[in-house]
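These notes concern the structure reproduced below.
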Amino acid sequence: MAYQERQLTDISKQFQIYGEILHAETCKIGHINETYSATYDQGGTKVRYIHQKINQNVFKNPDAVMNNLMRVTTHLRKKLEDQKVRDITRRCLIVVPTRDGKSHFRDEQSFWRTFVCVEGVQTFESVQTAAQAFQAGRAFGNFQSLLVDLPGDRLHETIPDFHNTRKRFEVFQRAVQNDHFNRAKEVKAEIDFALNHEGIVDVILQATAKKKVPERITHNDTKFNNVMLDNVSGEAMCVVDLDTVMPGCALYDFGDMVRTTTSPTLEDEKDLLKVKMQMPMFRKLAEGYLATAGTFLNKHERSLIAFSGKLITFEIGMRFLTDHLSGDTYFRIHRPGHNLDRARTQFKLVASIEKQEEAMQKFVDRV
Ligand code: GN1
Ligand code: MG
């Protein structure tokens with residue numbers, strides 16, 4: 001076994017797993033945590049588990065992450081049971097406890113947790129059909145609506161100011177000023193694009209401060225690849241990547257869905273001619289989302305739906321550009337200039353949304 005697998009074998013012994021480990025693969029999706037899919041032999045039957053190492057540079061308080069995760073998954077499961085939905089163990093993540101009954105295992109350097117692997121599903125890095133966009137919208141809207149009545153204290157903010165676009169803008173400005181890697185001169189066009197958009201960064205923050213847009217429990221990382229779709233029916237089964245589930249604004253979730261479901265391309269597409277907000281995808285996405293979240297959204301939230309797509313796409317683009325200027329320390333990259341490519345793709349999408357924003361909002365107003 002490779003080094004990493006040997007390490008994984010040691011880690012897996014900490015959890016209440018059934019079977020002998022056969023092999024493990026790295027899951028390539030995700031820019032932050034390390035994720036492995038491990039296959040075990042249990043008396044001749046193969047069973048799979050997901051082992052995940054939390055990135056503690058990003059999640060400074062992993063106990064808080066796990067505390068939120070346990071509360072959220074317990075509640076989701078109970079709600080699904082109350083609704084008498086079938087196939088519940090494929091619709092909600094299940095944490096496998098450690099042998100001493102904890103939700104995670106930690107040693108001096110690392111912090112691990114294990115999930116039951118959801119079988120018979122797949123995830124996609126980009127959307128293939130409008131039906132998939134509908135499923136994504138429905139799944140995240142349903143996720144938000146199931147969490148409306150989560151009992152107990154306010155969830156921990158696992159990353160404070162995660163979607164505070166003003167603070168993100170300030171961090172970006174500092175990165176430009178510092179220019180530690182001497183990259184600013186090569187990306188002047190992208191820097192100017194970001195600076196020219198300062199006018200949009202406070203809109204949702206102000207609506208929140210005025211209590212027009214309420215705080216809700218939100219997912220905060222609603223990328224299309226965080227929805228697992230059934231292999232046969234294509235139905236959205238399970239929403240994953242729950243580390244940033246925390247108090248937030250419903251619009252941030254919708255915005256990130258627009259970013260990741262309406263363009264036919266990958267997030268790091270280099271051919272910018274291919275990057276565009278496609279109206280048919282948006283329509284289905286909005287229909288799916290409003291079919292589930294429509295019951296609790298207020299009129300102010302509804303009025304900012306199209307805008308949120310532009311804002312969150314801009315925000316993530318700015319974060320990629322900031323990381324490029326700062327030497328690629330936050331998002332994992334797979335080639336030089338990768339964060340710059342990602343930033344360019346997001347900004348192209350922002351420009352495409354801008355051209356269609358009015359039509360997008362008109363559509364939402366009619367749904
Ligand atoms: C990161 O690791 P992943 O892909 O789930 C990031 C998101 C970004 C996303 C961009 C904790 O998510 O905020 O939108 O990359 N997660 C964190 O692809 O920063
Ligand atoms: Mg994530």
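Positions are given from 1 along the sequence. Atoms within each ligand, like the ligands themselves, are counted from 1 in listed order.
The line from CE of M246 to CZ of R154 is 10.0 Å long, rounded to the nearest 0.5 Å. To the nearest 0.5 angstrom, I305 atom CD1 is 12.5 Å from E357 atom CD.
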In sequence, state the C-alpha distance, the side-chain angles, and the governing distance for R259 and D256, and then conclude on salt bridge (Lys or Arg N to Asp or Glu O under 4.0 Å). CA-CA 5 Å; R259 178 179 84 83; D256 208 31; 2.5 Å; yes
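Across all their heavy atoms, S308 and F254 have their closest contact at OG-CD2, 3.7 Å.
Listed by atom number, the atoms of ligand 1 under 4.0 Å from F320 heavy atoms are 10 (C), 18 (O). Within ligand 1, the atoms closer than 4.0 Å to a non-hydrogen atom of F59 are 11 (C), numbered from 1 in the order shown. Interface atoms of ligand 1 facing G30, defined by a heavy-atom separation under 4.0 Å, are 2 (O), 3 (P), 4 (O). Close contacts between ligand 1 and R259 involve ligand atoms 10 (C), 14 (O), 18 (O) [criterion: under 4.0 Å to a heavy atom]. Each of the atoms 5 (O) of ligand 1 lies under 4.0 Å from some heavy atom of D241.
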Side-chain donor-acceptor distances from residues 24-31 under 3.5 Å, at least two apart:
{"unit_1": "E25", "atom_1": "OE2", "unit_2": "H23", "atom_2": "ND1", "d": "3.1"}
{"unit_1": "H31", "atom_1": "NE2", "unit_2": "E267", "atom_2": "OE1", "d": "2.8"}

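When atom types are taken as modelled, the side chain of N57 and the backbone of N55 share no donor-acceptor pair closer than 3.5 angstrom. Side-chain atoms of S352 never come within 3.5 Å of backbone atoms of K276 as a donor-acceptor pair (strictly under, hydrogens ignored). Proximity of a side-chain donor or acceptor of N339 to a complementary backbone N or O of D323 within less than 3.5 Å is not detected.
In this structure, F320 has its ring center closer than 6.0 angstrom to the ring center of F331.
Protein heavy atom nearest atom 6 (C) of ligand 1, with residue, atom name and distance: F331 CE2, 3.9 Å. Remark: minimum distance from atom 10 (C) of ligand 1 to any protein heavy atom is reached at E267 OE2, 3.3 Å. For atom 9 (C) of ligand 1, the closest non-hydrogen atom on the protein side is K223 NZ, 3.8 Å. Nearest non-hydrogen protein atom to atom 15 (O) of ligand 1 is H31 CD2, 3.3 Å. Atom 14 (O) of ligand 1 has its closest protein heavy atom at I316 CD1, 3.2 Å. Regarding atom 17 (C) of ligand 1, its nearest protein heavy-atom neighbour is Y330 OH, 3.4 Å. Given atom 13 (O) of ligand 1, the protein heavy atom at minimum distance is R319 NH1, 2.9 Å.
When side chains are defined from C-beta on, Y289 does not count as touching E287, because their heavy atoms never get closer than 4.5 Å. Side-chain contact between L22 and K46: present, with at least one pair of heavy atoms (C-beta onward) separated by less than 4.5 Å.
Taking only nitrogen or oxygen atoms, main chain and side chain alike, D221 reaches within less than 3.5 Å of ligand 1. Considering backbone and side-chain N/O of N220, none are found under 3.5 Å from N/O of ligand 1. An N or O contact shorter than 3.5 Å is missing between D256 and ligand 1 by distance. The shortest N/O to N/O separation between N226 and ligand 1 does not fall below 3.5 Å.
Between H104 and the options F115, F111, W112, a ring-ring contact (aromatic ring centres under 6.0 Å, His included) holds for only F111.
Heavy-atom distances between R332 and ligand 1 stay at or above 4.0 Å for every pair. Using a 4.0 Å cutoff on heavy atoms, R342 does not count as a contact of ligand 1.
Taking 2.8 Å as the limit, the number of protein N, O or S atoms around the Mg ion (ligand 2) is 2.
Using a 4.5 Å cut-off between side-chain heavy atoms of Ile, Leu, Val, Met, Phe, Trp and Tyr, with links allowed through other members, I32 and I54 fall into the same hydrophobic cluster.
Checked against side chain to side chain contact (heavy atoms under 4.5 Å, CB included), V171 has the following partners two or more places apart in sequence or in another chain: R174, T322. Shown here are the side chain to side chain contact (heavy atoms under 4.5 Å, CB included) partners of T114, two or more places apart in sequence or in another chain: F15, I17, Y49, H51, V96.
Compare I32, T222, T260, V240 by their heavy atoms: the one nearest to atom 1 (C) of ligand 1 is in I32.
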